[in-house]
Amino acid sequence: MFVFPRLRTVQRRLFSSLQPEAAVAQQYRPSEAPYLTDTFGRQHNYLRISLTERCNLRCTYCMPEEGVPLTPHDKLLTTDEILSLARLFVSQGVTKIRLTGGEPTVRPDLIDIISGLNELKAEGLQSIGITTNGIALKRKLQALHTAGLDSLNISLDTLDRHMFEIMTRRRGFDNVLASIRQATDLGFNSVKINSVVMRGTNDDQVLNFVAFTQDSPVTVRFIEYMPFDGNRWNKDKLVPYRELVDRIETRFGRLTKLVDDPNDTTKAYKVPGYQGKIGFISSMTNHFCGTCNRLRITADGSIKVCLFGSTEVSLRDMLRQGYSEGELLHYIGAAVRKKKKQHAGMSELASRKNRPMILIGG
Ligand code: SAM
Ligand code: SF4
């Protein structure tokens with residue numbers, strides 16, 4: 001693995017007095033993680049890394065039908081670059097990494113990346129997750145589990161095959177269902193289903209998904225439809241999470257509110273007596289910017305401090321120009337300190353330039 005000239009020193013300094021087990025439990029105060037703490041005191045300990053811009057589906061809410069211009073292969077982060085950046089962020093207090101895309105399972109070195117990240121668990125990383133459409137997951141799941149993957153988010157917007165093909169512009173519904181079943185059988189720490197809800201398209205599926213949690217130990221998360229370049233977002237297609245709670249309670253009775261973790265984007269609930277849970281990601285009607293702890297690295301190596309912000313800094317270019325770890329941290333810290341207090345609100349966001357979602361990674 002490529003190692004920055006001074007990174008080993010930083011790691012020795014940070015962890016010299018700690019056994020690996022103690023390092024795992026390490027909590028960083030803002031003064032100890034200055035590069036990843038913004039001007040509003042938010043500490044960023046969750047990194048989302050996009051592995052690819054490619055995808056085997058063409059979801060309507062994520063990308064335009066004609067596709068998106070792809071970055072040439074040699075401009076995408078390599079396995080080593082991904083692992084080096086991951087190690088740098090873990091040295092600064094990142095405890096959770098999620099791999100996304102595009103579709104991360106189309107990347108041939110996925111298992112190597114997860115194995116490499118797994119080694120960072122001795123340096124403070126606590127959890128490795130992946131967000132996937134589940135199409136090509138089933139054959140890889142056992143190996144991913146063995147390599148150290150802890151949690152799985154599988155995207156599925158409908159339990160109706162025909163609607164699946166309309167929303168994703170591709171076939172593969174049975175593969176996704178099979179992946180979800182296999183994931184729960186394998187005993188991952190957490191299996192979540194991500195469902196983007198669009199009015200007049202799949203909002204009639206919400207009650208079916210809630211029923212699905214009766215016998216399935218998954219969390220189904222209903223995500224408010226967000227505006228990105230090329231996805232023809234329209235406010236009328238957004239179903240506010242409160243409306244969904246009302247609809248669900250009308251059919252299933254009063255939901256039990258569960259306790260959410262401080263940085264959780266999901267408001268979690270449960271139908272009393274059901275095995276699984278449900279959750280709402282209300283990015284548009286009730287944002288969670290105040291507790292945001294997430295940073296993103298795009299497949300072409302840019303750090304993005306906000307899903308909805310267009311400010312980006314290319315870490316890839318710095319890596320390839322031989323910047324030291326100290327110089328990289330300087331620029332990462334500068335980007336983090338520019339993070340805004342909150343996103344601009346949905347009407348404003350809809351008219352702003354941003355990448356299409358497929359080029360960010362969610
Ligand atoms: N291909 C993988 C998948 O679909 O799970 C990972 C990448 S995808 C961009 C990450 C997540 O973003 C998915 O759960 C997807 O449903 C969600 N997503 C994509 N476009 C969205 C939008 N416009 N609004 C809300 N969520 C969106
Ligand atoms: Fe592909 Fe995921 Fe986007 Fe769908 S949401 S087009 S599966 S990247």
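Bear in mind that the values here come from a model prediction, so they are computed numbers and not experimental data. Numbering starts at 1 and runs along the sequence shown. We count ligands from 1, going down the list as the structure has it; atoms in each ligand are counted the same way.
Salt bridge absent: Glu65 and Arg58 never bring a charged side-chain N and a carboxylate O closer than 4.0 Å. Salt bridge present: Asp229 and Lys353 bring a charged side-chain N and a carboxylate O closer than 4.0 Å. A salt bridge between Arg169 and Glu165 is absent, with no side-chain N of the basic residue lying under 4.0 Å from a carboxylate O of the acidic one. A salt bridge links Glu348 to Arg352: at least one charged side-chain nitrogen sits closer than 4.0 Å to a carboxylate oxygen.
Interface of Asn194 with ligand 1, defined as ligand atoms under 4.0 Å from a residue heavy atom, comprises 14 (O). Under a 4.0 Å criterion applied to the non-hydrogen atoms of Ile223, ligand 1 contributes the atoms 25 (C), 26 (N). Within ligand 1, counting atoms from 1 as listed, the ones closer than 4.0 Å to a heavy atom of Asn133 are 2 (C), 3 (C), 5 (O). Using a 4.0 Å cut-off to heavy atoms of Asn231, the atoms of ligand 1 that qualify are 23 (N). Close approach of ligand 2 to Cys55 (heavy-atom distance below 4.0 Å) involves ligand atoms 1 (Fe), 6 (S), 7 (S), 8 (S). Ligand 1 places these atoms under 4.0 Å from at least one heavy atom of Gly101: 7 (C), 9 (C). Close approach of ligand 2 to Met63 (heavy-atom distance below 4.0 Å) involves ligand atoms 6 (S). Near Asn133, meaning under 4.0 Å from one of its heavy atoms, ligand 2 places the atoms 7 (S).
Here the CD1-CD1 distance, from Ile49 to Ile97, works out to 4.5 Å after rounding to the nearest 0.5 Å. Here Lys338 contributes atom NZ and Thr311 contributes atom OG1; the two are 7.0 Å apart, rounded to the nearest 0.5 Å.
Taking backbone and side chain together, Cys59 holds an N, O or S atom under 2.8 Å from atom 4 (Fe) of ligand 2.
A side-chain donor-acceptor contact under 3.5 Å links Asn202 to the backbone of Val196.
Protein heavy atom in closest approach to atom 2 (C) of ligand 1: Glu103 OE1, 3.3 Å. At the top of the distance list for atom 24 (N) of ligand 1, counting protein heavy atoms only, stands Met226 N, 3.0 Å. Distance from atom 10 (C) of ligand 1 to its nearest protein heavy atom, with residue and atom name: Gly361 O, 3.8 Å. For atom 21 (C) of ligand 1, the closest heavy atom belonging to the protein is Tyr61 CD1, 3.6 Å. Met357 CG, 3.3 Å is the protein heavy atom nearest to atom 19 (C) of ligand 1. Closest protein heavy atom to atom 13 (C) of ligand 1: Ser155 OG, 3.3 Å. For atom 3 (Fe) of ligand 2, the nearest protein heavy atom (residue, atom name, distance) is Cys62 SG, 2.4 Å. Scanning the protein for heavy atoms near atom 16 (O) of ligand 1, the closest one is Val196 CG2, 3.3 Å.
Test Arg48, Gln43, His44 against Tyr46 for side-chain hydrogen bond (donor to acceptor under 3.5 Å, both in side chains) and you get one pass: Arg48.
Looking only at atom types and distance, the side chain of Arg107 has no donor-acceptor partner in the side chain of Thr52 under 3.5 Å away. Using modelled atom types, one finds a donor on one side chain and an acceptor on the other under 3.5 Å when comparing Lys304 with Asn354. For the 3.5 Å distance criterion, the side chains of Thr291 and Asn263 fail to qualify, holding no donor opposite an acceptor. If you check the side chains of Asp317 and Tyr323, you find no donor sitting under 3.5 Å from an acceptor.
Between Phe209 and Phe222, the angle of the ring planes goes over 60°, which puts this pair in the perpendicular group of the 30/60° scheme. In this structure, Phe252 and Tyr274 have perpendicular ring planes: the angle between them is above 60°, well past the 30° mark. The aromatic rings of His145 and Phe188 sit perpendicular to each other, their planes meeting at more than 60°, with 30° as the lower class boundary.
Polar contact check, Thr100 against ligand 1: no nitrogen or oxygen pair lies under 3.5 Å apart. Of the N or O atoms in Tyr225, none lie within a sub-3.5 Å distance of an N or O in ligand 1.
Counting heavy atoms closer than 4.0 Å to ligand 1, residue Asp157 contributes nothing at all. Contact annotation: for Phe228 versus ligand 1, heavy atoms closer than 4.0 Å belong to the side chain alone. Residue contacts with ligand 1, taken as heavy atom pairs separated by less than 4.0 Å, involve Thr131 via backbone and side-chain atoms alike.
Note on ligand 1: Ser195 sits outside its first shell, no heavy atom being nearer than 4.0 Å. The closest approach between any non-hydrogen atom of Gly102 and ligand 2 is below 4.0 Å. Heavy-atom distances between Ile358 and ligand 1 stay at or above 4.0 Å for every pair.
Counting only non-hydrogen atoms, the option in Cys62, Pro356, Gly102 that gets closest to atom 7 (C) of ligand 1 is Gly102.
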